[in-house]
Amino acid sequence: MSQLAVQLDVPPIVQRKLAQVRRGVRAYVWIEGLAAIVTTLALAFWLGLLLDWLFEPSPAVRLAAVGAVVALVFWIAYRTLFRRAFVRLPDASLAALLERRFHQFKDHLLTAVDLAQGDDGQATYHPELVARTCAAAAAAAKNVNAGQLFRRSSLVRRVVVAGSLALSIPLFALAASNTFGFWMERLALSPKLWPRRVHLAVLDFPADANGRRTKKLAHDDSFELVVHASTQNYVVPREVELRFRTLDGGRGRDSMIRVGDAVPGRDEFQAFRYEFEEVTKSMVLDVVGGDNRVEDLYLQIVDRPELVRMDVECVYPAYLGRAPRRLPITGGMRIPEGTTITLHATATKPLTDIRVQSSGQPQAVSLGTADAPIQEVRWEFGTLHEDQVLTIQITDTDGVTCREPYRISIAAIPDELPQVSVRLAGIGTAITPDAIIPLAGKVADDYGLNRVWCTYQVNSGPAQQRPLPNQPDGNQEFSAIAPFDTRGAETPTGELALQLAPGETLYLSVSATDRYDLTDTPRIGSSQKFALDVVTVAQLLALLERRELELRQRFEAAFAKMTDTRHLLSRVNFDTTEEAPATDSDSDTPVDVAERAFTRRRLRVAGALQNVTQSAHEVLGLATGFDDIHNQLENNRVDNLELKSRVREQIAQPLRLLGEKSMPPLERQLQLVSDRIADPQTGTAALADATRLADAVLVEMQLILDRMLELESYNEVVALLRGIIEDQESIHERTKRQQAERLEELFAE
């Protein structure tokens, strides 16, 4: 069989089938691509509406989102449409597609197409074979439905979805035209926010310089978040949720507490609250309720402001003579009255408000302003007149206040009256008209004395003053108090300013003023008022005699005690062989007898030592008493040298020598006997010395007692003479009265 080169034409029916497949493929691509684009645009519409309603992004964010959607649509159009719709579809590819789908072609269709697209007649085929192949392909093509190549159900679903989404938009525009129109405005980058059914307002979160709502809170402080849900033309949500996230990634959420039940028309809002306790970390808060939410509320933790280096500048009153000082503030401060006070302090952070209030002010004084924060605090309090409690409340630039107000307690130290501690020295409660009244003691004042004087008054007469010759000249203590002489201070006429008579009472006191000058009223401190009876010399001597008799009786008692002490020493026995008393039991052992003897010896020595000590103090007191009698004689200007000599030189001085020189050695010796009470050998020698000293003391006391008795005899003679003089004066007075009566009788006759 010969081989021929032929040019084969594809049967018409085959060509029609291939053209039908080509049109179907292109239609499928276009329909699928357009459906994808419509679906993308519709989904972008609805998703954008949802996100915009939920988060209400800024115009810049919305513009970026529109740009992203446009880019996505172009990308989908390229991937699903433009890249596929214009691709060349050769007959061979379409034939292969039909061959894979329809097996009845048995490769006849693909062979016929390949023969038709041969090598320009260069290939040689058997004509009969070619004819049969084309006939077989044409016969098979008659029974082939090219539409079965496509999955119409998938395409229909996509078209339905795209159509439904596309149709939903105009339906939404018709059903909710206001919402659709507002969404179009939002797409046009309108700054208006979506209208809500619920309106939430979060309190106390002001916007900062960057527009961020921030609440600054001190570390470890508690904070109550308050949210108001408006009832005016809004719906109150059943629940408001708080969501928070810390800066380190922690998250949480919780429901806020509903406060009561608001009634629309009566209440403007429904309150919700949430308590944060001891917050230690900064966080971002979101409040969600109903269809409304408030986002990005920043709760920022900051340091609390503190005052450091607090002190008080004190300018003291001039009369104190002190230089100004700055005192560090302590818990309780004591500052002299009249001091001008200025408060100084340094803060750890700039302060916008400092409120200082004193206990004497109804309202606090505000220092500093938000426009000019300060860190150095200076406040002039003024003059301190009474106790004050200052409270200081500070607020920094973050709006954070100190945890507790600073409290400063200032005690105003009042200027005390001069302290006059004066007593009479060498004078009794009775004086003669010519007495000198010694005053002993001191006058003191914390801040210096100004003037000291004596105030005197006779009976109920007017009080008069007599300045002391020496003045304190601003010293804090003054003890040079001159005696008050009843003969002193003559008047301009040459007469004595004070003329006393027996039977009168002189009231005397010492007064002083300090340098206090804060008021016009002088501050006077006075001693006790001494009441002195004015008596004659004879009456004074009688009083002193009774005083001397009391002292002698006390000395006689001391002498008797010393005599008993001497007898007690004579009963001290260091002989250990001393027999026990008859009352002792016959069964007592020698050890018991020696122990009782030691106890008696120790008790007797201790009793003797106690008696000597008491007697020594008594003797010194008696010496002081006799010295006082002598001083009263001197100060009352009693001209009796013999009596004064007897009292001082023969009684007072010997008594003092006895108490200071003679009796102390006896005390020491008895103490030595007590220390050696357990040693018979050394104790016996010490006891002998003590007995000798006791005998010497008794001799001295006896001599002094004899002189006292001599003085008593002298006093008796003086008293007898005083009686004779009084009798003589009485007889003289009676004689004068009788003579007067006789003269009256003579004139009557």
> S222 and E277: side-chain donor and acceptor closer than 3.5 Å?
Replying inline: no

> Which residues pass the side-chain contact (heavy atoms from CB on, under 4.5 Å) test with V73, sequence neighbours left out?
Replying inline: I37, T40, L41, V69

> Has the side chain of T348 got a donor or acceptor atom that lies under 3.5 Å from a matching backbone atom of P305?
Replying inline: no

>> Under a plain distance cut-off of 3.5 Å, with no hydrogens placed, do H228 and Q270 share a side-chain donor-acceptor pair?
In response: no

> Tell me, which pairs form a salt bridge (Lys or Arg N to Asp or Glu O under 4.0 Å) where one or both residues lie in residues 375-385, sequence neighbours left out?
Replying inline: R378-E380

>> So does Y234 get a backbone contact from the side chain of S230, meaning a donor-acceptor N/O pair under 3.5 Å?
In response: no

> For W75, which residues count as a ring-ring contact (aromatic ring centres under 6.0 Å, His included) partner, sequence neighbours excluded?
Replying inline: none

>> Taking salt bridge (Lys or Arg N to Asp or Glu O under 4.0 Å) as the definition, give me every residue that meets it alongside R245, ordered by chain and number, with sequence neighbours left out.
In response: D286, D296

> salt bridge (Lys or Arg N to Asp or Glu O under 4.0 Å) with E185: which residues, sequence neighbours excluded?
Replying inline: none

>> Just to verify, what does Y447 make a ring-ring contact (aromatic ring centres under 6.0 Å, His included) with, not counting sequence neighbours?
In response: none

> Between A35 and A162, what is the shortest heavy-atom contact and its length?
Replying inline: O-CB, 3.5 Å

>> Please report the interatomic distance CG(L320) to SG(C314), rounded to the nearest 0.5 Å.
In response: 11.0 Å

Distance-only check: which donor-acceptor pairs under 3.5 Å involve side-chain atoms of residues 327-339, not counting sequence neighbours?
from	atom 1	to	atom 2	distance (Å)
T330	OG1	G332	O	3.3
E337	OE2	Y516	OH	3.4
T339	OG1	P336	O	2.7

> What pairs with V377 under side-chain contact (heavy atoms from CB on, under 4.5 Å), at least two apart in sequence or on another chain?
Replying inline: L307, A345, L351, I354, L367

>> Assess the residue pair L449 and T513 against the criterion (side-chain contact (heavy atoms from CB on, under 4.5 Å)); give the C-alpha distance rounded to whole Å, side-chain angles, the decisive distance to 0.1 Å, and a yes or no.
In response: CA-CA 6 Å; L449 296 164; T513 60; over 6 Å; no

>> Taking the ring centre of each residue, are W183 and F172 less than 6.0 Å apart?
In response: no

> Step by step, would you call H219 with R304 a side-chain contact (heavy atoms from CB on, under 4.5 Å)?
Replying inline: CA-CA 7 Å; H219 195 275; R304 190 181 301 278; over 6 Å; no

> Who passes side-chain contact (heavy atoms from CB on, under 4.5 Å) against S164, sequence neighbours left out?
Replying inline: V160

>> Aromatic contact between F272 and Y274, with the criterion being ring centroids under 6.0 Å apart: yes or no?
In response: no

> Can a cation-pi geometry be assigned to R322 and Y316, taking NZ or CZ under 6.0 Å from the six-membered ring centre and within 45° of the ring axis?
Replying inline: yes

> Got a sec: does the CD of E224 have more than 12 other heavy atoms crowding it under 6.0 Å?
Replying inline: yes

>> I need the full list of salt bridge (Lys or Arg N to Asp or Glu O under 4.0 Å) pairs touching residues 391-408, with sequence neighbours left out, sorted by first then second residue.
In response: K216-D398, D221-R403, K349-D396, K349-D398

>> Among residues at least two apart in sequence or on other chains, which ones pass side-chain contact (heavy atoms from CB on, under 4.5 Å) with V202?
In response: F205, R213, L225, V227, V287, V294, L297

> Quick one: salt bridge (Lys or Arg N to Asp or Glu O under 4.0 Å) partners of D267, sequence neighbours excluded?
Replying inline: none

> Can you name the nearest heavy-atom pair linking A412 to H385, along with the distance?
Replying inline: CB-C, 4.2 Å

> Does any N or O in the side chain of Q476 come within less than 3.5 Å of the main-chain N or O of D446, such that one atom is a donor and the other an acceptor?
Replying inline: yes

